[in-house]
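This one's a predicted model, so the numbers in the text were calculated from it and none came from an experiment. Only heavy atoms go into these numbers, but all of them, side chains included; no hydrogens, no water, no symmetry mates. Index from 1, following the sequence.
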Amino acid sequence: MNTEGEGPGTGDAVGGPPHPLVDVERLASVLGAPGIVVLDASVGAHRAVGRRIPGARRFDIDGAMSDGASPLPHTMPQAACFEAEMRAQGVNDTDTVVVYDAAGIYSSARAWWMLRAMGFDRVVVLDGGLPAWEAAGLPVEGRAAGGPCPAGDFTARPRPGMLVGSDAVVEALADPCSAVVDARSRDRFAGIAAEPRPGLRGGHMPGALNLPFAAVQRDGRMLARRELRSAFRALAGSRERLVVSCGSGVTACVLALAAECAGYQGVAVYDGSWSEWGRPSDLPVATGPAH
């Protein structure tokens, strides 16, 4: 289900990892085929939508797909736990996985990044998510449809460096070849709007840049490669190493997805994001717009 060029859904896999996006028409053409697994990665209020793409299984970022022992929300689980949950969802090492969410491109990017961080490259994000699927008049079913699936043989092979901690962010902020890019809204970044999680300081990491995750989309779909490249270049200049952050590590992955679509390599996601950095600590905080 590989795609090439400016937009998703324009080609077929020839080998190697697929393009990160697939369009609804392409998914519809292969839905239900052997080796195609669709995962619904909706979070928060979006989980309340009572519809899903037929046959979709759950990628539960609010539950099993986050480390319940961590004091931070949406933290990557241990490899063994991740592997067990993917096997319980019937995912095999040879499958191609399509992740989507009920908002468009939101938490599905987090699922895509997590799977790749666990060494699984045969994963793509449905461009536009469930809204685009329904807008195309494609079928849906109730969430209670179907039953348990046979266990898969998914194997977790963690890749260091795709998810990083605060030490790596401190290093990136001091590195002239790196840029730290925050996906939160401009008001939260500036410290004007209150953080939705209690107890967090307002503002941003000194030296960080701000690119709200909604700015890399249009009508719930990812912008074209040239537009994405232009957006990142306008912020980061010639810096090619990016560390992306947000509130809890979810929408940072939207920027990671956008950066990969734009041709960046070696992107890292700050897993703790502002839920960690913004806690009362010695980590520095700045307010006001980015400079």
Side-chain angles (χ1 to χ4, degrees), residues 41-46 61-63 65-77 101 103 105-114 117 161-175 178-217 231-232 235-236 239 241-259 264 267-291:
S42 302
V43 296
H46 303 300
I61 295 172
D62 287 331
M65 299 317 298
S66 291
D67 184 356
S70 173
L72 303 174
H74 301 145
T75 305
M76 183 74 161
D101 63 68
I105 299 180
Y106 186 73
S107 49
S108 52
R110 173 71 179 184
W112 167 79
W113 193 258
M114 291 170 70
M162 291 189 68
L163 289 158
V164 299
S166 59
D167 289 348
V169 178
V170 171
E171 292 177 5
L173 289 168
D175 179 8
S178 299
V180 176
V181 187
D182 192 321
R184 292 176 300 154
S185 71
R186 301 198 188 284
D187 284 352
R188 287 175 65 189
F189 182 88
I192 298 170
E195 285 296 309
R197 297 176 179 86
L200 298 182
R201 299 172 288 171
H204 58 270
M205 305 128 181
L209 307 170
N210 185 213
L211 182 60
F213 75 93
V216 299
Q217 304 178 52
F232 281 106
L235 279 179
R239 289 174 283 182
R241 292 200 289 272
L242 305 179
V243 177
V244 290
S245 179
C246 61
S248 67
V250 173
T251 58
C253 297
V254 177
L255 292 191
L257 174 63
Y264 286 84
V267 179
V269 170
Y270 176 21
D271 203 22
S273 283
W274 200 252
S275 295
E276 178 179 45
W277 193 283
R279 293 184 301 174
S281 72
D282 293 334
L283 293 170
V285 170
T287 55
H291 299 291

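No option in T287, D182, L211 other than D182 meets the side chain to side chain contact (heavy atoms under 4.5 Å, CB included) test with F189.
For the atom pair S275 OG and L72 CG, the distance stands at 6.5 Å (nearest 0.5 Å). Distance check: W112 CH2 to L257 CG gives 5.0 Å after rounding to the nearest 0.5 Å. Distance check: Y270 OH to E276 CD gives 3.5 Å after rounding to the nearest 0.5 Å. Between the SG atom of C253 and the CD1 atom of I105 there is a distance of 12.5 Å, given to the nearest 0.5 Å. Within the model, atoms CG of N210 and OG of S185 stand 7.5 Å from one another, a figure rounded to the nearest 0.5 Å. The NE2 atom of H204 sits 11.0 Å away from the CH2 atom of W277 when rounded to the nearest 0.5 Å.
Taking each heavy atom of V285 and G202 in turn, the nearest pair found is CG1-O, 3.1 Å. Nearest heavy-atom pair, A252 versus V244, reported as atom, atom and distance to 0.1 Å: O-CG2, 3.4 Å. Of all the heavy atoms in V269 and G249, the pair that sits closest is CG1-O, 4.3 Å. Nearest heavy-atom pair across A117 and M162 is CA-SD, 3.6 Å. What you find for S107 and A41 is that their closest heavy atoms are OG-O, 2.7 Å. Summarising the geometry of A208 relative to L173, their closest heavy-atom pair is N-CD2, 3.9 Å, with the distance given to 0.1 Å.
With no hydrogens or angles considered, a side-chain donor-acceptor pair links D62 and H74 at under 3.5 Å. Between the side chains of D101 and S108, a donor-acceptor pair is found at a separation under 3.5 Å.
Judged by distance alone, with hydrogens and angles left aside, the side-chain atoms of S281 form a donor-acceptor pair with the main-chain N or O of L283 at under 3.5 Å. Judged by distance alone, the side chain of R110 and the main-chain N or O of T251 form no donor-acceptor pair under 3.5 Å. When atom types are taken as modelled, the side chain of T75 and the backbone of S70 share no donor-acceptor pair closer than 3.5 angstrom.
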Please evaluate residues V243 and V164 with respect to the criterion side-chain contact (heavy atoms from CB on, under 4.5 Å), reporting the C-alpha separation (whole Å), side-chain torsions for both, the decisive distance (0.1 Å), and the verdict. CA-CA 9 Å; V243 177; V164 299; 4.2 Å; yes
Side-chain donor-acceptor pairs under 3.5 Å in residues 193-200, sequence neighbours left out?
unit_1 : atom_1 : unit_2 : atom_2 : d
E195   : OE1    : R188   : NE     : 3.4
E195   : OE1    : R188   : NH2    : 2.8
E195   : OE2    : R184   : NH1    : 2.8
E195   : OE2    : R188   : NE     : 3.2
R197   : NH2    : S248   : OG     : 3.2

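Side-chain contact between E171 and V180 is absent, with no heavy-atom pair separated by less than 4.5 Å. Using a 4.5 Å cut-off on side-chain heavy atoms (C-beta onward), P284 and M205 make no contact.
Listed by chain and number, the residues in a side chain to side chain donor-acceptor pair (under 3.5 Å) with D175 are S178, R241 (sequence neighbours excluded).
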